[in-house]
Asker: 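The structure under discussion is supplied below as structure tokens; questions concerning it will follow.
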Amino acid sequence: MAKGALPGFRDFYPQEFAERDYLLKHWRDVARRFAFVEYDGPPLEPLDLYTKKSGDEIVGQLYNFTDKGGREISLRPEMTPTFARMVAARANALRKPVRWFSVPQLFRYERQQKGRLREHFQLNVDIVGEVDVAADAELLSVAIEIVRVLGLTQNDVRARISDRRLLRALLATLGVSEEQSGGVFAVIDKIERQPLDISREKLSALGLADGVVERIIGLTGRVSLDGLRAEYGADAAVNECLGELGRYFDCLDALGVGAWAELDLKIVRGLAYYTGIVFELFDAHGEFRAICGGGRYDTLLKSLGGVDLPALGFGMGDVVLGELLRHRGLMPATLAGPDYWVAYSEPAQRAEAMRVSQALRRAGASVEYALRPQQLGRQLKAASAAGAPEAVILREDGTLILKSLASGEERTVRLSEGRLV
RNA sequence: GUGACUGUAGCUCAAUUGGUUAGAGCACCGGACUGUGGCUCCGGGGGUUGCGGGUUCAAUUCCCGUCAGUCACCCCA
């Protein structure tokens with residue numbers, strides 16, 4: 001193999017670039033239709049922007065280095081700290097709720113594997129300044145709308161929803177202490193990825209009785225709001241959380257995306273900063289990693305920027321989504337060609353071909369012609385290969401022929417203000 | 001960082017048990033069809049067999065190392 005890109009980095013040849021552009025265009029289009037506005041920040045940030053939130057062990061997964069001024073800096077591994085800083089800096093001046101989105105290229109120093117590279121593009125959509133669960137529902141509906149416009153259905157993609165406060169309240173009723181709950185969250189987070197007996201052992205190791213362990217396992221199975229209410233509703237905290245979730249699902253129904261969503265307490269979202277409703281989008285067959293994930297992080301802005309504002313957001317990467325769309329045959333396979341190919345019969349007509357091409361171009365069309373005089377047949381061959389739907393042929397007598405390269409139909413046209421009529 | 005598997009043209013793959021100058025299809029470039037494309041035919045460019053070392057008369061083939069890829073673990077902000 002010739003020397004290629006660095007491990008985990010991608011060369012975007014025109015075909016790959018077209019696919020990336022296809023995804024990013026839909027991201028931006030949907031975000032704007034939901035009245036989010038785009039922002040961006042620096043691709044390089046001070047290292048401590050990330051270590052403050054996640055501790056020093058995160059440095060092993062960052063592209064960090066010391067710059068020529070002696071500053072410890074890092075390529076951004078995620079957008080949320082930058083977002084939080086920017087919002088916090090102007091918190092008082094921003095109209096609430098803040099509805100912003102961004103499409104940063106993010107970097108992490110990790111061994112690459114399926115669905116994970118060292119670089120990717122990620123749509124970030126965030127709302128700041130709204131505590132109502134309608135905001136949570138609005139956010140999820142953006143994510144669902146994106147996969148919908150890309151051709152996926154509720155049979156292809158499922159939104160799995162949980163609520164960290166609910167889970168904590170449920171664990172509290174089972175007698176799980178605050179100190180134990182962190183470990184329990186960790187076990188629940190990976191309960192799908194390891195044998196059930198291992199999960200049981202780990203829960204027991206946290207000092208939980210066998211009966212409690214089994215009830216926790218039960219919570220990670222199929223659950224419903226009604227079922228939880230019947231079993232745990234006597235607890236006031238649980239009941240309040242269930243009420244909130246009920247209103248949340250009502251909002252999803254009103255937004256027309258309720259059928260995509262299901263309650264699933266296995267969704268924990270790492271051990272990060274989430275405080276309330278969290279969600280992930282998965283392909284329904286479970287062949288791929290999560291397409292997208294997010295949730296409410298009401299305390300993060302205070303801890304990072306000193307501004308006490310509720311917030312929520314999600315991130316959606318281009319790698320897994322692209323893999324899924326290609327797998328389902330939903331990624332446009334052909335590169336867009338020029339609108340017209342201007343062909344000429346005699347070498348001396350090249351200048352005329354240039355004039356015609358330029359007139360069409362100035363009117364907005366994409367136009368190519370043979371830079372080197374070639375036989376007419378070869379030019380038409382090139383026109384087909386380039387993917388042009390139509391060829392404009394300059395005949396020796398000066399007339400223009402517009403030829404469809406699909407059907408072969410021809411008609412005589414003339415150029416009028418950059419248009420062929 | 002750990003482990004398993006895999007590395008031959010741009011892509012998909014060949015190459016008797018280790019044996020001459022590593023082949024084919026697709027793609028690309030050129031030519032023929034005498035100048036309106038898609039088909040067909042002919043020709044051409046393109047490989048230090050990932051890289052380095054070892055064994056051997058001889059290595060794409062066997063061994064070691066290294067790099068890269070794939071998958072899993074770790075981690076997933």
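Worth saying up front: this structure is predicted, and the values here are computed from it rather than measured. Here is the naming used below: chain letters follow the sequence lines, and residue numbers restart at 1 for every chain.
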Asker: Looking at K96(A) and E130(A), does any basic side-chain N land under 4.0 Å from a carboxylate oxygen?
Answerer: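 Salt bridge between K96(A) and E130(A), a charged N being under 4.0 Å from a carboxylate O: no.
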
Asker: Fit a plane to each ring of Y39(A) and F83(A), take the angle between them on a 0 to 90° scale, and name the class: parallel (under 30°), tilted (30 to 60°) or perpendicular (over 60°).
Answerer: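 Tilted.
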
Asker: Using a strict cut-off of less than 4.0 Å between a Lys/Arg side-chain nitrogen and an Asp/Glu carboxylate oxygen, indicate whether R116(A) and E110(A) qualify as a salt bridge.
Answerer: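 Yes, charged N to carboxylate O under 4.0 Å.
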
Asker: Sequence neighbours excluded, which residues qualify as side chain to side chain donor-acceptor pair (under 3.5 Å) partners of D197(A)?
Answerer: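 Counting only residues at least two positions away or on another chain, D197(A) forms a side chain to side chain donor-acceptor pair (under 3.5 Å) with R200(A).
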
Asker: Starting at the 5' end of nucleotides 65-73 of chain B, put B wherever the base has a protein heavy atom under 4.0 Å, S where only the sugar-phosphate does, and a dash everywhere else.
Answerer: ---SSSSSB

Asker: Side chains of V157(A) and L324(A): closer than 4.5 Å at any heavy-atom pair?
Answerer: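 Side chain of V157(A) against side chain of L324(A), heavy atoms only: contact under 4.5 Å found.
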
Asker: When you compare C57(B) with U16(B), how far apart are their P atoms, in angstrom units rounded to a whole number?
Answerer: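 My reading of the P atoms in C57(B) and U16(B) gives 22 Å.
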
Asker: Checking side-chain polar atoms at under 3.5 Å, does E38(A) have a donor or acceptor matched by the opposite partner on S102(A)?
Answerer: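 Side-chain D/A pair, E38(A) to S102(A): absent.
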
Asker: Report, as a single string ordered 5' to 3', how protein heavy atoms within less than 4.0 Å touch nucleotides 36-46 of chain B: B base, S sugar-phosphate only, - not at all.
Answerer: BBB--------

Asker: In terms of side-chain geometry, is the basic nitrogen of D29(A) or K25(A) positioned less than 4.0 Å from the acidic oxygen of its partner?
Answerer: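 Salt bridge: no.
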
Asker: Could you name each residue pair satisfying salt bridge (charged side-chain N to carboxylate O under 4.0 Å, His left out) that touches residues 308-326 of chain A, not counting sequence neighbours?
Answerer: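 Qualifying pairs, neighbours excluded: R10(A)-D318(A), E19(A)-R326(A).
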
Asker: Got a minute to check which stems RNA chain B is part of, using Watson-Crick or G-U wobble pairs under 3.5 Å, three or more consecutive?
Answerer: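 For RNA chain B the paired stretches long enough to count as stems (3 pairs minimum) are B:1-7 with B:67-73, B:10-13 with B:23-26, B:28-32 with B:40-44, B:50-54 with B:62-66.
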
Asker: At less than 3.5 Å, do the side-chain atoms of R116(A) and the base atoms of C76(B) form a donor-acceptor pair?
Answerer: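 Present.
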
Asker: With no hydrogens and no angle check, just 3.5 Å: does a side-chain donor-acceptor pair link Q180(A) and S177(A)?
Answerer: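 Their side chains do contain a donor-acceptor pair, which is all the 3.5 Å distance test asks for.
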
Asker: Polar atom pairs between nucleotides 27-29 of chain B and protein, under 3.5 Å, N or O only, would you list them?
Answerer:
none

Asker: Using only heavy-atom distances, decide whether a donor-acceptor pair under 3.5 angstrom links the side-chain of E346(A) to the base of G35(B).
Answerer: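 Result: at least one qualifying N/O pair found.
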
